[in-house]
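Below, chains carry the letters A, B, ... as their sequence lines are ordered, and counting in each starts from 1.
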Amino acid sequence: MRVPGRFYLSQELMGTLEEGAVTQLANIATLPGICKNSLAMPDIHWGYGFPIGGVGAFTMDEGVISPGGVGFDINCGVRLVATPLHRSDLKEVKTVLQQLYDIVPTGVGTKSCITASDRDLNRIMTEGARWTVDEGYGTERDLLWCEEQGCMEGADISHVSQKARKRGRPQCGTLGSGNHFLEIQCVEEIFDPEAAQAFGIEEGQICIMIHCGSRGLGHQVCTDHLKILEDASKKYHIPLADKQLACAPLKSPEGEAYLSAMACAANYAWANRQMITHLTREVFSRAFSLCAEEMPLVYDVTHNVAKIEEHMVDGKRTMLCVHRKGATRAFGPGTHDLPPGCDTIGQPVIIPGSMGSSSYLLKGTQGAMEKTFGSTCHGAGRVLSRSQAKKMATGESIQETLARNGITVLAPSGGSIAEEAPNAYKPSGEVVKVVHEAGISARVARLNPIGVIKG
DNA sequence: ATGTGC
């Protein structure tokens, strides 16, 4: 190890720590150009190369870029959409949930209501959410309340394969599967009234949370470039503790090619979440006569990406490539890329809970800038594998249990519910408590699900 | 995560 590995965990979560994930945290610290520490958030679990919940920052001169530090679902992320509705306005959740389920394509291999043309796809990959808004599916304001305004610089479509394009074309505007979801939630608790007001959130308010990523396109970009970077690791004589850490110097043609293809996939994911936002607004417009302006975006975060950012290292401003894999940016007050009116507050941070458990709205802090390259956790984090979870309970029994707690769940199959059982994940409240107490983000609000659409 | 698997 070139630097120490550091993780954030509580006594309560110690039992969830997998040895393999700790090894992966150590492996990150062996890579060239690693800066200060390899880091793990309290939702750490075993992943491909990097652990999920892992953060690694690398210097531009000596450092590397690794697809294993981003994940297969490039720009998997979460957005929160507000409504003017109060919980008392939503007595019958089943009808509106069914309408959402009917309009948002859900599950593996599903196709969108629109198939993007080749020219559309070029714009989706270079302009991200801007494309969706320009097509009439959203407002200018949506872009302001989105990390990077929903578009990452440096996207070069020449590094995205035809295979990736073919998979991506029919999928813009689809939810996907696994832990991806669309939830109708209610703001249960406000911890920080000033920040909640700045973010446009109040107690009792109905919101919609959308969790999804770059679908088949991002997956294919990752697969394609892993192959290229496996060869590049040998070419540049980078010793790998694990083949899954395939990487290339940031300043190499192979490294730059991955970064530009990754940006294309990241932009696709933002266009995708924006399209799903539009579909959601269509349903609420019909059911409650609400226009898009009455359903503003609270914020949109990515939790699977690598970004070139400036950070203070030993008192010096330093450009770094920060890999966040199952980790969320949590920029504090006075940083750049904060949404309107949030300069003294910090960026909104959205932490989805597991099915049936609370999600959280946090804010970024100065502590995150000092300790974690402006990063925090991304969610609950798995404790049971999908196959283990499936053996514990049937989808139907989980659905019944949640229904008794007033939560309606719609999913393509019982199996997809069983894989995402609440007990397959760490308790989100405990994960959030750790990042709050460590000062790497701060609680603003807690939201509880009322209706869940699982992918 | 994924047209789910060497």
Side-chain angles (χ1 to χ4, degrees), chain A residues 21 24 43-54 66-78 105-112 115-116 121 160-182 210-227 230 243-244 246 258 261-262 264-266 268-270 272-273 276 301-306 323-328 352 354-355 378-390 395 411-421 424-425 453-455:
Chain A
Q24 290 185 321
D43 46 350
I44 179 174
H45 74 102
W46 187 86
Y48 184 95
F50 278 46
I52 292 147
S66 174
V70 171
F72 275 83
D73 190 5
I74 296 164
N75 189 3
C76 183
V78 205
T106 298
V108 184
T110 46
K111 291 189 174 173
S112 171
T115 286
L121 190 62
V160 177
S161 69
Q162 283 305 318
K163 202 171 174 183
R165 294 180 67 105
K166 193 181 169 202
R167 288 178 70 174
R169 273 206 321 130
Q171 289 186 321
C172 190
T174 64
L175 195 63
S177 68
N179 66 356
H180 291 166
F181 66 70
L182 189 157
I210 298 162
H211 180 199
C212 63
S214 52
R215 310 288 286 108
L217 185 136
H219 192 273
Q220 193 63 46
V221 164
C222 181
T223 304
D224 292 340
H225 284 263
L226 269 173
K227 204 171 285 176
E230 276 170 23
K243 190 186 162 202
Q244 295 182 353
Y258 170 68
M262 181 206 74
C264 290
Y268 180 98
W270 271 312
N272 187 27
R273 288 198 287 277
I276 294 172
V301 295
T302 163
H303 52 225
N304 273 10
V305 88
H323 295 62
R324 296 191 184 92
K325 200 246 191 108
T328 315
S354 58
M355 181 170 53
H378 88 302
R382 267 193 183 273
V383 287
L384 294 178
S385 71
R386 281 160 203 217
S387 54
Q388 280 173 316
K390 265 187 170 172
S413 72
S416 63
I417 297 175
E419 287 178 357
E420 297 299 315
Y425 286 86
I453 291 170
K454 282 308 293 185

Review point. What is the nucleic acid contact for A/Lys163, judged by heavy atoms within less than 4.0 Å: base, sugar-phosphate only, or nothing?
Key: base
In whole angstroms, the gap separating C1' of B/dT2 from NZ of A/Lys166 amounts to 16 Å
A/Asn75 atom CG is separated from B/dT2 atom P, nearest whole Å, by 13 Å
Scanning both residues in full, the closest heavy-atom pair of A/Ile74 with A/Ala269 reads O-CB, 4.0 Å
Result for side chain to side chain donor-acceptor pair (under 3.5 Å) between A/Arg382 and one of A/Glu419, A/Glu420, A/His45, A/Gln388 points to A/Glu420
Worksheet item: When the ring planes of A/Tyr48 and A/Phe72 are compared, do they come out parallel, tilted or perpendicular, using 30° and 60° as the limits?
Response: perpendicular
- Message: Does A/Gly216 reach a base, just sugar-phosphate, or nothing at all? Heavy atoms under 4.0 Å.
- Response: sugar-phosphate
For A/Leu182 and A/Ile276 the tightest heavy-atom approach is CD1-CG2, 3.8 Å
note: A/Tyr48, atom OH; B/dT4, atom C1'; distance rounded to Å ~ 15 Å
**Message:** Need one value for A/Gln171: base, sugar-phosphate or nothing, where a base atom within 4.0 Å counts as base even if backbone is also close, heavy atoms only.
**Reply:** sugar-phosphate
Rounded to whole Å, CD of A/Glu420 lies from C1' of B/dT2 at a distance of 14 Å
* Remember a base hit wins even if backbone is also touched, and classify A/Arg386 as base, sugar-phosphate or nothing at under 4.0 Å, heavy atoms. => base
note: A/Arg215, atom CZ; B/dT2, atom P; distance rounded to Å ~ 5 Å
Checking all strands, does A/Gly213 fall into the base, sugar-phosphate, or nothing category for heavy-atom contacts under 4.0 angstrom? nothing
Rounded to whole Å, NE2 of A/His180 lies from P of B/dT4 at a distance of 16 Å
When rounded to whole Å, the CG to C1' distance for the pair A/Leu217 and B/dT2 reads 12 Å
- request: Compare side-chain N and O positions of A/Thr223 against OP1 and OP2 of B/dT2 and report whether any pair is under 4.0 Å apart.
  value: no
